[in-house]
Structure formats: structure tokens, C-alpha cells
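Just so you know, ligand 1 is whichever comes first in the structure, and atom 1 is the first atom listed for that ligand. Nothing here was measured: the structure is a model prediction, and the numbers come from that model. Along the sequence shown, residues carry numbers from 1.
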Amino acid sequence: MAEARVRPMTPEDVPLAAALSSESYLAVDRRMQPRALPEPTGRSTGRTAWWETRTRHLLATDPGGSWVAEVDGEPVGFAVSFRRELTWVLASYAVRGDHQGLGIGRALLAVAQDYGKGCLRGLLTSSADPRAVRRYRASGFDLHPQVSLTGVVDRSAIPPGRHVREGDPGDRDLLDSLDRRTRGAAHGPDHELLLGHHRLLVSDRAAGSGYCYVEAGAPVLLAATDRRTAARLMWEALASAPVDSPVSVRHVTAANQWALDVGLAARLDPWTSGYLAVRRLRPPAPYLHHGSLL
Ligand SMILES: CC(C)(COP(=O)(O)OP(=O)(O)OC[C@H]1O[C@@H](n2cnc3c(N)ncnc32)[C@H](O)[C@@H]1OP(=O)(O)O)[C@@H](O)C(=O)NCCC(=O)NCCS
């Protein structure tokens with residue numbers, strides 16, 4: 001096989017990278033997902049559009065963080081990474097199925113990590129693919145299993161008096177402060193992107209503060225000063241789920257037992273799925289990380 005060449009990613013590469021990531025993540029889900037869960041499907045048109053928007057946003061804020069691997073001039077893999085304050089984050093990473101296990105992923109991760117070499121801390125969400133786990137552990141990451149909570153919310157379990165309001169761009173400083181306290185670095189410009197795509201809930205009281213971005217009744221990123229505030233935000237998100245429609249709360253680590261408690265009280269089912277990988281950082285809490293913006 002011809003040698004792979006690694007070069008910087010450009011906005012023109014984004015649609016092909018989106019297709020490549022959808023295809024390789026679907027193959028992992030088909031291999032690894034528990035049989036009791038519904039058959040995995042490819043990414044919807046809406047989710048592909050969001051993947052592309054998010055990747056273009058990261059290319060604009062961090063043009064040096066994303067790379068493509070080519071064989072015979074054809075893209076076969078990519079890595080998208082970025083820095084926020086002194087934390088390096090890997091947003092997305094995949095190699096085409098017929099080129100996996102040949103060392104291309106190792107070369108891509110090395111250049112992406114080089115972009116973060118001034119950062120002490122690192123964060124990423126790992127799939128359950130053994131190849132990914134090998135790469136991340138060899139790169140110095142600690143792996144913490146994640147739980148997903150899925151099912152239809154038992155509305156009779158939703159507690160009253162949640163003291164949560166709608167958030168807006170005026171909350172940016174509060175959001176960044178909560179990020180620094182929980183994960184050691186603000187999301188900064190990523191909040192503008194998230195605000196444009198998700199409902200934002202905020203709780204800011206003398207007893208505690210927190211925020212939560214919501215999609216289809218599930219928290220997709222949540223940070224709080226204390227577990228009680230975090231739980232109230234998660235309940236508010238679940239309460240907004242369409243009646244009788246299943247929700248999926250992802251990325252619950254062992255450091256966030258409060259989220260497991262809320263999910264179980266709402267009668268959701270727990271499944272282990274992938275890992276939170278951290279370097280020189282404890283798993284953030286009370287916190288539910290975003291899959292790619294972490
Ligand atoms: C994860 C991924 C990007 C790595 O790229 P890659 O080109 O396959 O990686 P490499 O060949 O450099 O390294 C793979 C490692 O797994 C090993 N490996 C290869 N096939 C394997 C298998 N079937 N089972 C277990 N390990 C395997 C390789 O020997 C190598 O380990 P080593 O360097 O210690 O010898 C790629 O496999 C992929 O796209 N997977 C599906 C999508 C995914 O999970 N992406 C990561 C999301 S967080």
C-alpha cells in the first residue's frame with residue numbers, strides 16, 4: 001500500500017470528513033453496541049449539517065489543529081482538535097475502514113497532539129473501538145467508562161420547584177466561569193455556536209449556579225457548582241422531552257453519580273458506552289461533557 005501523507009485540513013475537506021466519520025462510527029456501533037439497543041443507523045441529514053457547522057467553527061478558531069491523511073491523493077482519515085485556554089481537546093478522529101490498523105491513526109494523532117503541546121491538560125471522548133482505546137492510552141490519557149441513560153421519562157417522577165430560567169448571550173461570563181471551575185478551561189467561542197443550536201437553561205442562586213444546553217429533552221453539556229443545582233438542571237431538561245418520546249442522556253462518568261440518580265429516578269435505562277479520556281485532569285464534576293466540544 002502507498003504511504004500516507006498528512007496535511008492540514010481545509011474547509012473544503014469538511015463534507016468528505018463528515019461522510020468518513022459517519023461511516024466509521026456507524027461501523028463501530030454495529031460491532032460494539034449491546035444487542036438490547038435498537039439497531040444503529042447512519043447520521044441523519046440534520047446531524048450531518050451540525051457536524052459540518054461545528055467542524056468549520058473549529059477550523060476557523062484553530063486552523064492549526066486539524067489534519068487529513070491522504071493515500072494516493074485521496075483522503076482516508078482525519079483528526080479535528082482545538083485549544084481552549086490551556087486545555088487541548090480532540091473533537092473528532094477517524095480512519096476509513098479499509099485503511100484502519102495500518103498506523104495512519106497514529107500519525108494523525110501525533111500531529112494533532114503536537115498542536116496541543118503547550119497545554120498541560122487534554123480531553124476527548126473515546127469510542128469503544130479497541131484501536132481508539134490503544135491509541136489514547138499510548139498517548140498518555142486516562143480512560144473513564146461512560147454510561148448512557150435512555151428511555152421514556154416517567155413524568156410522575158419529575159420534581160416541582162426547579163428554579164431554572166432560560167439563558168441568553170448575557171450569561172456568557174457565568175458560563176465561562178462555571179467551565180473553568182469544573183473542567184479547568186472556558187468554552188469561550190463554543191458558547192456562541194452552542195447558543196445558536198440549543199436551548200440554554202441557567203440556574204443562578206445564592207446556594208449554587210449552573211447551566212445546561214438541551215437537545216430533544218437531553219442535556220448535551222451541563223456544568224454546575226454543586227450536585228443539587230446540576231440535578232435540578234437535568235430534571236428541567238428531561239421535563240422538556242416530548243411526551244412518550246425516548247431521550248438519551250450520554251457521557252455520565254462515575255464522578256457524576258448524581259446524574260445516574262436522576263436518570264434512574266426518571267426510569268431511564270443505563271448502558272455503558274465508550275470512555276471519557278483525560279490527561280492531567282480529573283473527570284469534571286458536577287458536569288456532563290459534550291461529545292466533541294467536551
Ligand atoms: C481509532 C482510529 C482513528 C485509529 O486509526 P488507525 O489507523 O486504525 O490506528 P493505528 O493503526 O495507528 O493504531 C491502531 C492500534 O490498534 C491495533 N489494532 C489494529 N486492529 C485491531 C483490532 N482489530 N483490535 C484491536 N486492536 C487492533 C493496532 O495494532 C494499533 O495498536 P499498536 O500501535 O499498539 O500496535 C480508527 O481505527 C477508526 O477510525 N476507528 C473507528 C472510529 C473511531 O472509533 N474513532 C475514534 C473516535 S473517538
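Every N/O-N/O distance between P130 and ligand 1 stays at or above 3.5 Å. No N or O atom of Y25 sits closer than 3.5 Å to an N or O atom of ligand 1. Considering backbone and side-chain N/O of R135, one or more are found under 3.5 Å from N/O of ligand 1. Of the polar atoms of L102, at least one N or O is found under 3.5 Å from an N or O of ligand 1, judged by distance alone. Where the criterion is an N or O separation shorter than 3.5 Å, residue side chain and backbone included, A94 fails it with respect to ligand 1.
Regarding atom 23 (N) of ligand 1, its nearest protein heavy-atom neighbour is R131 NH2, 3.4 Å. The protein atom (non-hydrogen) at minimum distance from atom 16 (O) of ligand 1 is R134 CD, 3.4 Å. When only non-hydrogen protein atoms are considered, atom 2 (C) of ligand 1 lies nearest to Y93 CE2, 4.3 Å. Annotation: atom 8 (O) of ligand 1 to nearest protein heavy atom, G101 N, 2.8 Å. Looking only at heavy atoms of the protein, atom 39 (O) of ligand 1 is closest to V95 N, 2.8 Å. Here the heavy atom of the protein found nearest to atom 44 (O) of ligand 1 is S127 OG, 2.5 Å. Considering only non-hydrogen protein atoms, atom 40 (N) of ligand 1 sits nearest to D129 OD2, 2.9 Å. In terms of protein heavy atoms, atom 38 (C) of ligand 1 is closest to Q100 NE2, 3.4 Å.
Of the candidates R280, R137, R279, D142 forms a salt bridge (Lys or Arg N to Asp or Glu O under 4.0 Å) with just one, namely R137.
Ion pairing between a basic and an acidic side chain is recognised when a charged N comes within 4.0 Å of a carboxylate O; R250 and E215 show no such pairing.
Close approach of ligand 1 to T125 is summarised as follows: ligand atoms under 4.0 Å from at least one heavy atom of the residue are 48 (S). Of all atoms in ligand 1, numbered sequentially from 1 with element shown, those under 4.0 Å from a heavy atom of G105 are 5 (O), 6 (P), 7 (O), 9 (O), 12 (O). Of all atoms in ligand 1, listed by their number and element, those nearer than 4.0 Å to a heavy atom of G103 are 10 (P), 11 (O), 12 (O).
At a 4.0 Å heavy-atom cut-off, ligand 1 touches R106 through backbone and side chain alike. Only the backbone of S126 comes within 4.0 Å of ligand 1, counting heavy atoms alone; no side-chain atom from C-beta on gets that close. Of all the heavy atoms of Y136, the ones lying under 4.0 Å from any atom of ligand 1 belong exclusively to the side chain. If you look at V28 next to ligand 1, the close heavy atoms, those under 4.0 Å, all belong to the side chain.
A donor-acceptor contact closer than 3.5 angstrom links the side chains of H191 and D179. In summary, the side chains of D269 and T150 do not present any donor paired with an acceptor at a separation below 3.5 Å, with no hydrogens or angles considered.
Between atom CZ of residue R232 and atom CG of residue L201 there is a gap of 11.5 Å, rounded to the nearest 0.5 Å. Taking SG from C119 and CD from Q113, the interatomic distance works out to 11.0 Å, rounded to the nearest 0.5 Å. Distance check: S126 OG to H144 NE2 gives 12.0 Å after rounding to the nearest 0.5 Å.
Annotation: R282, atom CZ; neighbour count of heavy atoms from other residues, nucleotides and ligands within 6.0 Å does not exceed 12. The 12-atom threshold is not exceeded at CG of D244, counting heavy atoms of other residues, nucleotides or ligands nearer than 6.0 Å. Counting heavy-atom neighbours within 6.0 Å of R47 CZ, excluding the residue itself, gives a total of 12 or less.
Side-chain contact between E52 and P15 is present, with at least one heavy-atom pair separated by less than 4.5 Å.
Residue contacts with ligand 1 leave out L108, since none of its heavy atoms falls under 4.0 Å from the ligand.
Cation-pi geometry between R54 and W50 is met: the NZ or CZ atom falls under 6.0 Å from the ring centre, inside 45° of the normal.
In this structure, Y213 has its ring center at least 6.0 angstrom away from the ring center of H187.
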